[in-house]
Asker: 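I'd like to ask some things about the structure below.
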Amino acid sequence: MTSTWDSLQWRGLIAQSTDEEALKPSVDGGRMTIYAGFDPTAASLHFGNLVQLILLRHLQQAGHRIICLVGGSTGQIGDPRPSSERILKTKEQTAEYVDKIQQQVRPFLNFDGDNGAIMVNNLDWTAPMSALDFLRDVGKFFRVNQMIRKDAVAARLESQEGISYTEFSYQILQGLDYLHLFREYGCTLQTGGADQWGNLTAGVDLVHRAEGSTVHALTTPLITDSSGRKFGKSEGNAVWLSPEMTSPYAFYQYWINVEDASVVHLLKVFTDMTPDEVAEMEQATAERPAARAAQRELAQRVTTLVHGAHATEQVEAASQVLFGKADPAQLEEQTLVDVTGELPAGEGQVGMSVVDALVATELAASKGAARRLIADGAVSVNNAKVTDAEQVLSESDFLHSRLALLKRGRKNMATLNLA
RNA sequence: GGCAGGUUGUCCGAGCGGCCAAUGGAAGCGGACUGUAAAUCCGCCGGCGUACGCCUACGCAGGUUCGAAUCCUGCACCUGCCA
């Protein structure tokens, strides 16, 4: 597949664009300057942002110049959600998040060499602007009539809560970014998630009105599972890219657990496998679904991309032991320590009740919850099911006088280290 | 500033003096089945205690009452209409 555009389309990375006819030749041929923005709403990027990073990566590899914007100013305002108004974070907090996110983006793109990506922060051009200039030079180009048609804004206007002027202004701020990057860098394409369409077109319109130039926008589809649920949630929490917020082990497990119906699609989106390689996996899944070859491949590749090869080897080894038939008591001490390294951990001692151990390792939120789990038959110590809620840990439960392996349900594990 | 309506558990949303830790739905957790899938079925789902129980909770602070999420007063915040 020689066409970049066609290849992106095949991968399922293109949902909508402003003018495909004009855009496709540019994406395939020339060297465009392209930007995508990430707002620092948390200390880490998450699953949803990963799609954007993957897209940018492909585009850079195709020879385009990438500008990565981290929203020091937009992050202080907040993109309106359809549900409710955001609580403002302090400026200091936002600045801290900007730093973290900038670091997190680096491994995905090449920032050196003659086609190095450029990192920018919209605070640099927004902060010096006066409110008066903002209203006169930028606001004048926006029609409120059009602004209120944006989905999230429209939803909020219908709601009891309404919408603050702050959040209402968000799209102007994001539009301003595009105008700035067009002027400074000749940027002519902005990419984003499907839910960003309104914000992207706000920028496209602004550039057109202010400069008389035509620029483009391109969105990636929202990734969902077979029943239409948004992807990227594990135990109700977002899957983060930061190892502090989602351990590499949990991250790897998330991908391993992907349903059969989605795995092929996810391989296309999140890995750089070729159509032939993907077809092979598709066949493997069809013939021997229980082997989960495609899931393993997916988990291995994405975890390597995000957490590196070393961490991936560790979590793969851990997963094999923990989900294999291996009896943890049979493992050598070093193997056991390596394998459990990525698991959540707590401290305990001989004589501690299993209930307390579950709470100590955060496998259970409270003692009551721990008792219920035991009653449900969900708990095991070193792969031996616990049936008595009063059970106490003995010396032999701490393998190699060192740690015990606790399990809640089939796939939630933790180590209890002997204090 | 005036008038009207609203604020309930993770979310949505009932309750409108005792039977309310609070109906229902969603999400989540666990079990069974299987393949560390999907679908389905079953159980759990504020905290503490083995249990009769105790504590905390229905925006905040007071009050009425034997008894309040439910009534009254004040305050905060949100929404709509008017100015």
Asker: Would you tell me if any nitrogen or oxygen in the side chain of A:Asn257 comes within less than 4.0 Å of OP1 or OP2 on B:G35?
Answerer: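 No, no such contact exists.
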
Asker: Considering every strand shown, what is the Watson-Crick or G-U wobble mate of B:G43 when both distances are under 3.5 Å?
Answerer: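 Checking every strand shown, B:G43 finds its partner in B:C29, with both distances under 3.5 Å.
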
Asker: With distance as the sole test, does A:Thr340 use its side chain to make a donor-acceptor pair with the main-chain N or O of A:Leu343 at under 3.5 Å?
Answerer: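 No, A:Thr340 side chain to A:Leu343 backbone: no donor-acceptor pair under 3.5 Å.
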
Asker: Closer than 4.0 Å, any side-chain N/O of A:Lys407 to the OP1 or OP2 of B:U36?
Answerer: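 So the side chain of A:Lys407 is outside the cut-off, no N or O lying under 4.0 Å from OP1 or OP2 of B:U36.
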
Asker: Quick check on contacts: within residues 364-382 of chain A, what sits under 4.0 Å from RNA chain B by heavy-atom distance?
Answerer: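 Heavy-atom cutoff 4.0 Å gives A:Ser366, A:Lys367, A:Gly368, A:Arg371, A:Arg372, A:Leu373, A:Asp376, A:Gly377, A:Ala378.
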
Asker: Whole angstrom is fine here: how far is it from CE in A:Met413 over to P in B:C29?
Answerer: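 A:Met413 atom CE is separated from B:C29 atom P by 15 Å.
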
Asker: Give every pair of a protein N or O atom and an N or O atom of nucleotides 52-57 of chain B that lie under 3.5 Å apart, one pair per line with the distance.
Answerer:
none

Asker: Write down the distance separating the P atoms in B:U36 and B:U23, rounded off to the nearest Å.
Answerer: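 Rounded to whole Å, the distance is 37 Å.
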
Asker: Could you check how far CD of A:Glu259 sits from C1' of B:A38, rounded to whole Å?
Answerer: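 Atom CD in A:Glu259 sits about 6 Å away from atom C1' in B:A38.
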
Asker: P atom, B:C55 versus B:C71: distance in rounded Å?
Answerer: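 About 25 Å, rounded to a whole number of Å.
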
Asker: Check the distance between B:A39's P and A:Asp260's CG and give it to me in whole angstrom.
Answerer: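 It works out to 12 Å between those atoms.
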
Asker: Might you work through the side-chain hydrogen bond (donor to acceptor under 3.5 Å, both in side chains) test for A:Glu20 and A:Ser17, ending with a clear yes or no?
Answerer: CA-CA 6 Å; A:Glu20 180 172 344; A:Ser17 64; 4.9 Å; no

Asker: Parallel, tilted or perpendicular, judged at 30° and 60°: which one describes the rings of A:Trp125 and A:His180?
Answerer: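 Geometry flag for A:His180 against A:Trp125: parallel rings.
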
Asker: Look at the side chain of A:His307 and the backbone N and O of A:Thr312, then say whether any donor-acceptor pair between them is shorter than 3.5 Å.
Answerer: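 A pair under 3.5 Å: no.
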
Asker: What's the closest nucleotide to the side chain of A:Arg408 if the choices are B:U36, B:G35, B:G30?
Answerer: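 Closest nucleotide to the A:Arg408 side chain: B:G30.
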
Asker: Taking the six-membered ring for Trp, are A:Phe168 and A:Phe142 ring centroids under 6.0 Å apart?
Answerer: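 For A:Phe168 and A:Phe142, the ring centres are not under 6.0 Å apart.
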
Asker: A:Gln295 has an atom CD; how far is it from atom P of B:G35, in whole Å?
Answerer: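 Computing the A:Gln295:CD to B:G35:P distance gives 14 Å.
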
Asker: What integer number of Å spans the P atoms of B:G9 and B:C60?
Answerer: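 Each nucleotide's P atom is 10 Å from the other's.
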
Asker: Under 4.0 Å, heavy atoms only, any strand: does A:Val258 hit a base, just the sugar-phosphate, or nothing?
Answerer: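 If one applies the 4.0 Å heavy-atom cut-off, A:Val258 turns out to touch the sugar-phosphate alone, with no base involved.
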
Asker: So which nucleotide does B:C58 pair with, by the Watson-Crick or G-U wobble rule with both distances under 3.5 Å?
Answerer: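 B:C58 is unpaired by these criteria.
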
Asker: Using atom C1' of each nucleotide, how far apart are B:A51 and B:C42 to the nearest Å?
Answerer: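 My reading of the C1' atoms in B:A51 and B:C42 gives 25 Å.
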
Asker: Quick check: does any side chain N or O of A:Thr246 sit under 3.5 Å from a backbone N or O of A:Pro243, one acting as donor and the other as acceptor?
Answerer: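 No: the side chain of A:Thr246 does not pair with the backbone of A:Pro243.
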
Asker: I'd like to know if the side chain of A:Asn417 reaches the main chain of A:Glu347, judged simply by a donor and an acceptor atom lying under 3.5 Å from each other, with no hydrogens or angles considered.
Answerer: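 No; judged by distance alone, with no hydrogens or angles, the pair does not exist.
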
Asker: Taking CG from A:Leu266 and P from B:A38, how many angstroms apart are they, rounded to a whole number?
Answerer: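 After rounding, the gap between these two atoms is 13 Å.
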
Asker: Is there a Watson-Crick or G-U wobble partner for B:A69 with both distances under 3.5 Å, and which nucleotide is it?
Answerer: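 In the structure as shown, B:A69 has no Watson-Crick or wobble partner.
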
Asker: Roughly how far apart, to the nearest Å, are B:U10 and B:G62 at atom C1'?
Answerer: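 Roughly 31 Å separates the two C1' atoms.
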
Asker: Can you list the steps and then say if A:Val70 with A:Tyr97 is a side-chain contact (heavy atoms from CB on, under 4.5 Å)?
Answerer: CA-CA 9 Å; A:Val70 178; A:Tyr97 289 171; over 6 Å; no

Asker: In whole angstroms, how far is the P atom of B:G35 from the CG atom of A:Leu298?
Answerer: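 Rounded to the whole Å, the gap is 21 Å.
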
Asker: Distance between the P atoms of B:G46 and B:G80, in whole angstroms?
Answerer: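 Roughly 35 Å separates the two P atoms.
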
Asker: Between A:Asp205 and A:Arg143, does any NZ, NE, NH1 or NH2 come within less than 4.0 Å of an OD or OE carboxylate oxygen?
Answerer: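 Salt bridge between A:Arg143 and A:Asp205, a charged N being under 4.0 Å from a carboxylate O: no.
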
Asker: Using the C1' atom as the point on both nucleotides, what is the distance between B:G63 and B:C82, in whole Å?
Answerer: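 Roughly 34 Å separates the two C1' atoms.
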
Asker: Send over the distance from A:Glu287 CD to B:G35 P, rounded to a whole Å.
Answerer: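 About 18 Å, once rounded to whole Å.
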
Asker: Between B:A14 and B:U70, how far apart are the C1' atoms? Round to whole Å, please.
Answerer: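 It comes out at 13 Å once rounded to the nearest Å.
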
Asker: Searching all strands shown, indicate the nucleotide that pairs with B:G49 (Watson-Crick or G-U wobble; both distances under 3.5 Å).
Answerer: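 Checking every strand shown, B:G49 finds no partner, since no pair has both distances under 3.5 Å.
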
Asker: Paired with B:G24: which nucleotide, if any, by Watson-Crick or G-U wobble criteria at under 3.5 Å for both distances?
Answerer: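 B:G24 is paired, partner B:C12.
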
Asker: Taking A:Gln190 for its side chain and A:Gly203 for its backbone only, find out whether a donor-acceptor pair lies under 3.5 Å.
Answerer: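 Checking the backbone N and O of A:Gly203 against the side chain of A:Gln190, no donor-acceptor pair under 3.5 Å is found.
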
Asker: For A:Gln391 and B:U50, give me the distance from atom CD to atom P, rounded to whole Å.
Answerer: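 The distance from CD of A:Gln391 to P of B:U50 comes to 16 Å, rounded to the nearest Å.
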
Asker: Using purine N1 to pyrimidine N3 plus N6-O4 or O6-N4 for Watson-Crick, or N1-O2 and O6-N3 for G-U wobble, each under 3.5 Å, what pairs with B:C19?
Answerer: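 By the stated definition (distances under 3.5 Å), nothing pairs with B:C19.
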
Asker: Shortest non-hydrogen contact from A:Asn121 to A:Gly71?
Answerer: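 Smallest interatomic distance, heavy atoms only, reads OD1-C, 4.2 Å.
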
Asker: Could you report the tightest heavy-atom contact between A:Gln171 and A:Ala202, atom names first, then the distance?
Answerer: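 That would be O-CB, 3.9 Å.
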
Asker: Could you tell me the Watson-Crick or G-U partner of B:G80, where both distances fall under 3.5 Å? Say none if there is no partner.
Answerer: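 Its partner is B:C3 (Watson-Crick or G-U wobble, both distances under 3.5 Å).
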
Asker: Across the strands shown, which category fits A:Glu390 at heavy-atom distances under 4.0 angstrom: base, sugar-phosphate, nothing?
Answerer: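 It contacts nothing in the nucleic acid.
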
